[in-house]
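A, B, ... follow the sequence lines: proteins, then strands. Residue 1 opens every chain. Nothing here was measured: the structure is a model prediction, and the numbers come from that model.
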Protein chains: 2
Amino acid sequence: MDKPRRITLNDIALACGVSRATVSLVLRRSPLVHANMRRRVEAEMQRQGYVYNRAAANLRQRVSTTVALVINDLSNPFFAEFATGVDEALGAKGYVTLLGSSNESPARQRQLLGSLIEHHPAGIILSPAENSDVTDVEMTIGRHAPLLVFNRELTGTPDTGFEYDFLGLDNRAGARVATKRLLELGHRRIAFYGGHANSSSCRERRLGYQDALRAASIQVDPSSMIETAPTRLEANVHADALFAVDAAPTAAVCYNDAVALGLMLGLARLGRQPGVDFAVTGFDNIPEAAVGVPPLTTLNADPRARGRQAAELLLQRAAAPSSPRQSVIVPVQLTERESTPHALSA
Amino acid sequence: MDKPRRITLNDIALACGVSRATVSLVLRRSPLVHANMRRRVEAEMQRQGYVYNRAAANLRQRVSTTVALVINDLSNPFFAEFATGVDEALGAKGYVTLLGSSNESPARQRQLLGSLIEHHPAGIILSPAENSDVTDVEMTIGRHAPLLVFNRELTGTPDTGFEYDFLGLDNRAGARVATKRLLELGHRRIAFYGGHANSSSCRERRLGYQDALRAASIQVDPSSMIETAPTRLEANVHADALFAVDAAPTAAVCYNDAVALGLMLGLARLGRQPGVDFAVTGFDNIPEAAVGVPPLTTLNADPRARGRQAAELLLQRAAAPSSPRQSVIVPVQLTERESTPHALSA
DNA sequence: CTGAAAGCGCTTACAG
DNA sequence: CTGAAAGCGCTTACAG
């Protein structure tokens, strides 16, 4: 690796015997410059291996062609898919994604936002770590770049004037639909399994679950809602909590697919057969859901499409900073697979 | 969102009645400026909500604090984990990750690299799309930023003087160990299942598989090596190809974990019980491997640690551009789980 | 300890 | 159609 002095517009201009301005016009495909001149300049750029310095151009133009993307858990396929969708849509519009992975740590998230904001992105897409406080976020990013929050709400109340857009799933309706379907299949003792009760998405899904039970005139027993970290591993480990009650459930509405997949393994460990003598639903429809054993009935959130949507919402907002704050709630649809058998007639 | 004029060093300097240079020195924690002055300036920055413009600083200093990361398939947990590790290590050193997701498309990869290089990253980490040609990559990134290739080799022969570092797994030794273990368990008819034969990693793993068979004086039948796309879905679909031969295998060394997990589902579909009457090994040790049904015997590649390692190698190279090209091959270790039973005595 | 000036690599009116 | 000059927001010798 030789360290050649960086080739700049000046070098090209000099070599072509024209001014920097002319070369710049060629770069931006201005019709002002003559086709012959254009070709001459372009050939010279090719020859010298010129690379455009977008940072310099952005500085001068006072624009930004980057968007920051901060993800709470990239190792969860739901968010990995989301990130892929974001990058896809941003790339199509000529933006570059600045990535940050917080691993559910608010401290790391703060650090990331602080560092990313110094790159003056055109906007920030934040899939927040659990318990991210809105004031904390505002402190670190200020009000310089539009913010789009994905998936879960920030905790706390924002200061006056601090606004952000929101993109989320219709958690309540989704959980309601899943629970309703289990009721239709004859289940009467249905648990809500997994997730942290203090996260907005879990709270909303629990509400949907309760809606459906109440609509069927079934008493909601608080002990039928079991809390676990929203990961496969934790869901697996705590499966026995389902059977620690007097009348054990025959079905579980799970917080998300990771939890559902973990629970199914836990059930197998306890001698139950999900899809045969126990019904399980998930939430998200990650790729593994379709190929699980048994394939998982779940709510289709299409994370990659959500990513594209998030990117578009953000760019829209960056173009119209003063239009009113948006909160987009995406409906989710039940995808039925083999994990939800009829209730066995006891 | 009000669009306040961006606060700059000048604003702070003006408000404090000092020069821009002084404020800059405060920013960079120079001991030259008096503690009182420092405090005064810092308070003013706080008050006005000043955000450092790193792009401007980098331009002036002719340095870069970004690293480009281009990933072939972010929805594969192996690469998602890798990306997490990269971001973690880069963040710790004050770098920001520019992300690109190529989805295994060389065209998209070219576009991404072309766009990312304009941000003049300090280096590029590339987990290449299948069939990425080295000349093609050189054409788009030139020789401006050090390149670290991860996981698979680029195809074609590089031009003289185009050099890059490489970080990969010891594919051959890994597959050899897995195959050897199956032999020890009494298996004699062992297939190599999945992957594209023209990818370097698949080629190497097949060689390791053949090494072990030859060492056991077992004839290598070309029909025992079955090609599929390296995804769960494709591996599932083509499972019957294993049994299309006269003497069907009792075990399969799989190209990677995704393939192994897909194959196990395909086996179940065909009435086989992986872990009971058929042995399966994977490669990578993605999180799902441990919690599969049955848990998967695989080769531990620790993708997150690989990500951290890649970041460190690259930064090392950026600091020492003329040191000789490195090719780091990481050994992988067999993690035995329930997917590899003894051969049944036929 | 602080200020005035030049410059990083671009773009953009403004002349011509 | 092309050039000279100013400026984006910083840093860095160089004076004082």
Worksheet entry | Donor on one side chain, acceptor on other, B:Asn72 and B:Ser127, under 3.5 Å | yes
Worksheet item: Looking across every strand, which nucleic acid part, if any, lies under 4.0 Å from B:Ala57 by heavy atom: base, sugar-phosphate, or nothing?
Response: sugar-phosphate
Worksheet entry | Within-4.5 Å side-chain heavy-atom neighbours: B:Ile141 and B:Tyr164 | no
Worksheet item: Counting just side-chain N and O atoms, does B:Thr8 come under 4.0 Å of either OP1 or OP2 of D:dG9?
Response: no
Response to the item:
Rounded to whole Å, the CE-P distance (A:Met37 to D:dC1) equals 11 Å
Worksheet item: In terms of side-chain heavy atoms of A:Tyr52, which of C:dT11, D:dT2, C:dC1 is nearest?
Response: C:dT11
Item to complete: Classify the nucleic acid contact of A:Val41 as base, sugar-phosphate or nothing, counting any heavy atom under 4.0 Å across all strands shown.
Response: nothing
Worksheet entry | Sugar-phosphate, base or nothing in reach of B:Val26, heavy atoms under 4.0 Å | nothing
Response to the item:
Considering only heavy side-chain atoms of A:Arg60, the closest of C:dG9, D:dT11, C:dT2 is C:dG9
Worksheet item: Does a side-chain N-to-carboxylate-O contact under 4.0 Å join B:Arg108 and A:Asp87?
Response: yes
Worksheet entry | Whole angstrom value for the distance that separates C1' of C:dG9 from CG of A:Asn53 | 6 Å
Worksheet item: Between A:Glu44 and A:Arg47, is the closest basic N to carboxylate O distance under 4.0 Å?
Response: yes
Discussion item. It should be established whether A:Thr22 places a side-chain nitrogen or oxygen under 4.0 Å from OP1 or OP2 of nucleotide D:dG3.
Written reply: yes
Discussion item. For a quick test of reading the model: is some side-chain N or O of B:Arg20 closer than 4.0 Å to OP1 or OP2 of C:dA5?
Written reply: no
Worksheet, complete the sentence: Out of C:dT2, C:dG9, D:dT2, minimum distance to the side chain of A:His34 belongs to D:dT2
Fill in: Whole-Å distance separating the CG atom of A:Leu32 from the P atom of C:dG16
18 Å
Practice prompt. Kindly point out which of C:dT12, C:dT2, C:dG7 is positioned nearest to the side chain of A:Ala21?
Written response: C:dT12
Worksheet item: Just to confirm, is there a sub-4.0 Å distance from OP1 or OP2 of D:dC10 to any side-chain nitrogen or oxygen of B:Ser24?
Response: no
Item to complete: Go ahead and name the base partner of D:dT2; Watson-Crick or wobble counts if both distances stay under 3.5 Å, otherwise write none.
Response: C:dA15
Worksheet item: What is the distance, rounded to the nearest whole Å, between atom CD1 of A:Ile12 and atom P of D:dG3?
Response: 15 Å
Discussion item. Need one value for A:Arg28: base, sugar-phosphate or nothing, where a base atom within 4.0 Å counts as base even if backbone is also close, heavy atoms only.
Written reply: sugar-phosphate
Discussion item. Looking at A:Gln61, I'd like to know whether one of its side-chain N or O atoms comes within less than 4.0 Å of OP1 or OP2 on D:dC8.
Written reply: no
Practice prompt. Could you check whether the rings of B:Phe150 and B:Phe82 sit parallel, tilted or perpendicular, using 30° and 60° as the cut-offs?
Written response: parallel
Discussion item. Taking the minimum atom-to-atom distance to the side chain of A:Leu59, which one of D:dT12, C:dT2, D:dC8 wins?
Written reply: D:dC8
